[in-house]
Amino acid sequence: MTFENDLRTAALQAVKDLFGDELKPDSFQVQRTKPEFEGDLTLVVFPLTRLSKKSPEVTGKIIGEYLIAHCPFLDSFNTVKGFLNLRVKNAAWLNMLNEAVTTPDFGIKPVEDDSAPFVIEYSSPNTNKPLHLGHVRNILLGWSVAQILNAAGRKVYKVNLINDRGIHICKSMLAWQKTGNGETPESSGMKGDHLVGKYYVKFDQLLKAEKQELISKGMTEDEAEKNSLLMAEAREMLRKWEAGDTDVIQLWKTMNDWVYAGFHVTYRNLGVEFDKIYYESDTYQLGKKIVEEGLARKVFFKKEDGSVRIDLTAEGLDEKIILRSDGTAVYITQDIGTAKLRYDDYHFSKMIYVVGNEQDYHFKVLKLIIKKLGYAWSDAIYHLSYGMVDLPSGKMKSREGTVVDADELLKDLFSESERITRELGKIDDFDSDLAQALYRTIGLGALKYFLLKVDPEKRMLFNPAESIDFSGDTGPFIQYTFARIKSVLSKAGQTEVFRDYTSVGIPDTYPANKEEKDLIIHLLQFPDTIQEAAQRLSPSLIAQFAFHAARQYNLFYHHHPILDTDQLASSLFRLKLSAFTANILNLSLNLLGIDSPERM
RNA sequence: GGUCCCGUAGCUCAACUGGAUAGAGCAACUGCCUUCUAAGCAGUAGGUUACUGGUUCGAGUCCAGUCGGGAUCACCA
């Protein structure tokens, strides 16, 4: 909070001088004064009554008098119960504003190149089905957190880990082999990831049918699964894959390439990218190697059945399998390998995994294993655990078809933003390309804001019919505010007397009204908001900040004319404040991965 | 069953390490476009923060228990 640190330091000194006690700076609580009270900053003095041996009111009064005498930026104070409300001088706010408006990337810290980087993994898809809304939350979170960390001054590498191997991949391959008749994305006109996904579902159907038949012959569900010829074929295919069988590998490559082409389109539509892509098919061998070494060093042990395990019961977890009895890798094996590989690549100071909270246990185990293996960087591992996206019908399940497909969702959003934009008729002079681009910008703004405004760790509900709005607490509202400001600024640029608003300074004697002051104070919190969002890895703080800024601006906009030739001084000030607001809105939206349209 | 997460307005979400009378948006109702973009602004209504106890100057927040929802505990990923 602006002036917060100064206030803390002064309060510390006050307590020392007045009561003779030395306190830690964080023993003071400073907060923004609630709107219903007079003041800008509030010091909570309840905890200090112990030292002052006086009532909260009196304690506040004593400290208030001290602070006014010692802090040049303070104006006056009042106390209500144990709350000491302090008013900051208008001139102090205006000086800060003046400095802020002349800083191009206000609030953005330049990246320290020499510090150890952060690595953030997000998306991490399987290559057997297209991306759905759950992945979209993951992808947007990862992207935004990376932007925020970067803005907070950290070097960040964005990486993706493709889960491209395993029995589930073989299932779609097998179904394609059996029923595909050589179908390709070209021949079918289907996006590659959707085509492969179709065969993944197909496999499930075939398997169900086969099991049904076996069950009708008197088998139980479990027996049917065990005796399924299809499952046997899938396992056999996996075995061949691991053995390097040319035909299987060829098919695997072909189908995975279809999927990658499809993912590429979705990533591009979402506006995200990666610095590096890891493939589990490349890392699982390293994982196995590390496990072998760990086994030799007795970090792991071999069970009678031949499987390799680690005993984590002392940590309150279980005995966890690391290698199957046939020596093949499980999920966590390749994660160990990937982690090591990444550390060698980047020597990160933090490795953030953006993965759903259904894998909390997995990451607890992974971190522990890495620690027990003796890697010093085990503490750098951090699981950014986010909540699932639920539908009104409950959890999304790929195989049951109860998912909101990412590509379809985007298509629907774009046509909805087109419908609304046309209805409003504000861009009738746009040519088709420009208009299409705007529909996308707005549609994406709506989706991204919707998914990012919620605290990452909380699960959230998505109702396809009504969740995405274009007014109220939404991305388009913020985008609209930005465009609205741009419109005013461009009008100003066409008028002689206003044109030079950029080059004049802000006089610290300007009599700012309530709406102007509230807006200024809020905007000046931007740098702190970025730091806090970075520290908590939470884009929702940026979203809230941006929404509040837009609301505050609109409030100001409605109460005060900006372009008023009779009030030139306030017009120039308001133009500067407007331009500053637009700048902050644009930077905030950027951190969320949202574009700011000049017009809408 | 063990472990973990969650329960705030009709709905979706806020509330910084415990701080003032728990805030927004949507939906509902009322106003405001001859004036800088009405995707906006102003207003009305909506709450025993699931329940019961405890800790303290102060609890949505911390502790214990109850009820309800979810995740996880695989030689799946």
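This is a predicted model, so every value here is computed, not measured. Numbers restart at 1 for each chain; the letters A, B, ... are given by sequence-line order, proteins then strands.
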Distance, [atom1] atom - from [M] to [N], rounded to whole angstrom:
| N | M | atom1 | value |
| --- | --- | --- | --- |
| B:U17 | B:C6 | P | 13 Å |
| B:A20 | B:C36 | P | 41 Å |
| B:G68 | B:A22 | P | 30 Å |
| B:C73 | B:U56 | P | 41 Å |
| B:C57 | B:G40 | P | 47 Å |
| B:C41 | B:C26 | P | 9 Å |
| B:A59 | B:A27 | P | 36 Å |
| B:U72 | B:G54 | P | 38 Å |

[N] pairs with which nucleotide, Watson-Crick or G-U wobble, both distances below 3.5 Å?
| N | value |
| --- | --- |
| B:G68 | B:C6 |
| B:A14 | none |
| B:U48 | none |
| B:U56 | none |
| B:C32 | B:G40 |

May I ask you to say what [X] touches in the nucleic acid, namely base, sugar-phosphate or nothing, with a heavy-atom cut-off under 4.0 Å?
| X | answer |
| --- | --- |
| A:S385 | nothing |
| A:S487 | base |
| A:V44 | base |
| A:Q29 | base |
| A:N85 | base |
| A:P56 | nothing |
| A:R599 | base |
| A:R309 | base |
| A:E319 | nothing |

Nearest to the side chain of [X] - [options]?
| X | options | result |
| --- | --- | --- |
| A:K491 | B:C36, B:G40, B:C13 | B:C36 |
| A:R484 | B:A77, B:A15, B:U37 | B:U37 |
| A:R324 | B:A38, B:A77, B:G19 | B:A77 |
| A:E280 | B:U37, B:A77, B:A74 | B:A77 |
| A:E36 | B:U21, B:C26, B:U12 | B:U21 |
| A:H559 | B:A71, B:A42, B:C36 | B:A42 |
| A:F450 | B:U12, B:C76, B:G19 | B:U12 |
| A:R536 | B:C13, B:A15, B:C36 | B:A15 |

Is a donor-acceptor pair below 3.5 Å formed from side chain [X] to base [N], judging by atom type as modelled?
| X | N | result |
| --- | --- | --- |
| A:D305 | B:C75 | yes |
| A:T42 | B:A20 | yes |
| A:D318 | B:A74 | no |
| A:S325 | B:C75 | yes |

Ring-on-base stacking between [X] and [N], under 5.5 Å between centres and under 30° between planes: is it there?
| X | N | value |
| --- | --- | --- |
| A:Y480 | B:G40 | no |
| A:F46 | B:G19 | yes |
| A:F37 | B:A20 | yes |

Practice problem: Could you tell me whether A:R137 sits above the aromatic face of A:Y386, with NZ or CZ closer than 6.0 angstrom to the six-membered ring centre and within 45 degrees of the axis? | Solution: no
For [X] and [N], what is the distance between atoms [atom1] and [atom2] respectively, to the nearest whole Å?
| X | N | atom1 | atom2 | value |
| --- | --- | --- | --- | --- |
| A:N163 | B:C76 | CG | C1' | 10 Å |
| A:R551 | B:G25 | CZ | P | 5 Å |
| A:L391 | B:U12 | CG | P | 13 Å |
| A:L555 | B:A42 | CG | P | 5 Å |
| A:E38 | B:A20 | CD | P | 19 Å |
| A:D566 | B:C36 | CG | C1' | 15 Å |
| A:F477 | B:U37 | CZ | C1' | 13 Å |
| A:K54 | B:C57 | NZ | C1' | 18 Å |

Considering just the side-chain nitrogens and oxygens of [X], establish if one lies under 4.0 Å of OP1 or OP2 belonging to [N].
| X | N | value |
| --- | --- | --- |
| A:K486 | B:C36 | no |
| A:K453 | B:C13 | no |
| A:R574 | B:C36 | no |
| A:K34 | B:A15 | no |
| A:R459 | B:G7 | no |

Identify the heavy atoms of [X] and [Y] that sit nearest to each other, and give their distance.
| X | Y | value |
| --- | --- | --- |
| A:L461 | A:L391 | CD1-O, 4.0 Å |
| A:F301 | A:D311 | CE2-N, 3.9 Å |
| A:L585 | A:A549 | CD2-CB, 4.0 Å |

Exercise. Let me know, please, whether A:L489 or A:D326 comes out on the 5' side of the other along RNA chain B by nearest nucleotide.
Key: A:L489
Quiz item: CZ of A:F203 to CE of A:M231: how many Å apart, nearest 0.5 Å?
Solution: 5.5 Å
Exercise. Hey, could you give me the CD1/OG1 distance between A:I542 and A:T529, rounded to the nearest 0.5 Å?
Key: 6.0 Å
Quiz item: Using 30° and 60° as the class limits, which term best fits the ring planes of A:Y331 and A:H362: parallel, tilted or perpendicular?
Solution: parallel
Exercise. Assess whether ring-ring contact (aromatic ring centres under 6.0 Å, His included) is satisfied between A:F450 and A:F462, documenting all intermediate values.
Key: CA-CA 9 Å; A:F450 177 81; A:F462 181 84; 5.7 Å; yes
Self-check item: Backbone N/O of A:S307 and side chain of A:S325: donor-acceptor pair under 3.5 Å
Solution: no
Practice problem: Based on the glycosidic angle (syn within 90° of 0, else anti), state the conformation of B:C26. | Solution: anti
Self-check item: Candidates A:T333, A:N163, A:T127 - the one meeting side-chain hydrogen bond (donor to acceptor under 3.5 Å, both in side chains) with A:E280
Solution: A:N163
